[in-house]
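A short write-up of the structure that comes next.
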Amino acid sequence: MGLSLEQKQAMVSEVATTLQGAQSLIVAEYRGLNVERITQLRSKARNSGVWLRVLKNTLARRAVKGTPFEKLADKMVGPLMYGISQDPVAGAKVLSEFAKENELFVIKAGAMPNAIMSAQDIKVLAQLPSREQLIATLLGTMQAPMAKLVRTLNEVPARFVRTLAAVRDAKSGT
């Protein structure tokens, strides 16, 4: 049973709304995967903040029309699953890891705003550290000079106390 016109319009609207805040759109062919595997992928995607759907390509093309992902419309051929993410690395990681585990899941292409990515580009993107890891690294780098300054400032009174203790021990020993 097909979708009604209202259902199709709602689906196109939902996808277009999701694309408004997205930083990446990845399309992958899922032909031959069983329901259990797809459910595992959906769970991983949900936990990583990746919006994952199977859509009719005609509806997906309508949804990307007028968005920064419009250039990807030519790649929307065959049975595809669409992964949309606000963090481009998260989407690439989830789908690339799943593709490594399941040879039937093939990443076809992807896009970042106004840029098309090949399957190889997506694999490279998946190897980058996540946004959280980059922020942690930045904060650690920013914190290091402050920690060193605190240790240096703390060393002055500590050295003074050790000197006084040495003087006291020298006087009591003689």
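All values derive from a computational prediction rather than experimental measurement.
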Determine the minimum heavy-atom distance between [X] and [Y], stating which atoms define it.
X: Ala111; Y: Leu72; result: CB-CD2, 4.0 Å
X: Gly91; Y: Val50; result: CA-CG2, 3.6 Å
X: Ile84; Y: Val15; result: CD1-CG1, 4.3 Å
X: Gly32; Y: Leu104; result: O-CD1, 3.2 Å
X: Val64; Y: Ala73; result: CG2-CB, 4.3 Å

With a 4.5 Å cut-off on side-chain heavy atoms, are [Y] and [X] touching?
X: Ser4; Y: Gln7; result: yes
X: Leu41; Y: Val94; result: yes
X: Ile107; Y: Phe98; result: no
X: Gln40; Y: Val35; result: no
X: Val156; Y: Phe160; result: no

[X] side-chain N/O to [Y] backbone N/O, donor-acceptor pair under 3.5 Å:
X: Ser48; Y: Ala45; result: no
X: Asn102; Y: Leu33; result: no
X: Thr163; Y: Arg159; result: yes
X: Lys93; Y: Leu128; result: yes
X: Thr137; Y: Gln133; result: yes

Practice task
Give the other cluster members for Leu149, using side-chain heavy-atom distances under 4.5 Å between Ile, Leu, Val, Met, Phe, Trp and Tyr residues; answer none if it is isolated.
Solution key: Leu153

Exercise for the section: Give the intermediate values and the outcome of side-chain contact (heavy atoms from CB on, under 4.5 Å) for residues Trp51 and Arg46. Expected result: CA-CA 7 Å; Trp51 188 88; Arg46 194 176 314 112; over 6 Å; no

When you group the ILVMFWY residues by side-chain heavy-atom contacts below 4.5 Å and let the links chain together, are [Y] and [X] in the same group?
X: Phe69; Y: Met117; result: no
X: Leu52; Y: Leu59; result: no
X: Leu19; Y: Ile116; result: yes
X: Val54; Y: Ile38; result: yes

Measure the [atom1]-[atom2] distance between [X] and [Y] for me, rounded to the nearest 0.5 Å.
X: Ile135; Y: Glu132; atom1: CD1; atom2: CD; value: 6.5 Å
X: Lys100; Y: Ser96; atom1: NZ; atom2: OG; value: 7.0 Å
X: Leu80; Y: Lys75; atom1: CG; atom2: NZ; value: 12.0 Å
X: Leu125; Y: Gln120; atom1: CG; atom2: CD; value: 11.5 Å
X: Met81; Y: Arg53; atom1: CE; atom2: CZ; value: 10.5 Å
X: Ser118; Y: Ile122; atom1: OG; atom2: CD1; value: 7.0 Å

Exercise for the section: Would you mind checking if Glu97 and Lys123 are paired as a salt bridge, meaning a charged N to carboxylate O distance below 4.0 Å? Expected result: no

Practice task
Please determine if Glu101 and Arg37 form a salt bridge, counting it only when a charged side-chain N lies under 4.0 Å from a carboxylate O.
Solution key: no

Handout entry: Residue Gln143 excluded, over 12 heavy atoms near CD under 6.0 Å
Key = no

Problem - From CA spacing to verdict: side-chain contact (heavy atoms from CB on, under 4.5 Å), Lys8, Val12 - result: CA-CA 6 Å; Lys8 290 177 182 179; Val12 169; 5.5 Å; no

Handout entry: Working for side-chain contact (heavy atoms from CB on, under 4.5 Å), residues Ser43 and Asn47
Key = CA-CA 6 Å; Ser43 175; Asn47 292 337; 3.9 Å; yes

Name every donor-acceptor pair, under 3.5 Å, that has one atom in a side chain of residues 21-31 and the other anywhere in the protein, sequence neighbours excluded.
none

Handout entry: side-chain contact (heavy atoms from CB on, under 4.5 Å) assessment of Thr58 paired with Arg61
Key = CA-CA 5 Å; Thr58 54; Arg61 283 188 208 104; 3.8 Å; yes

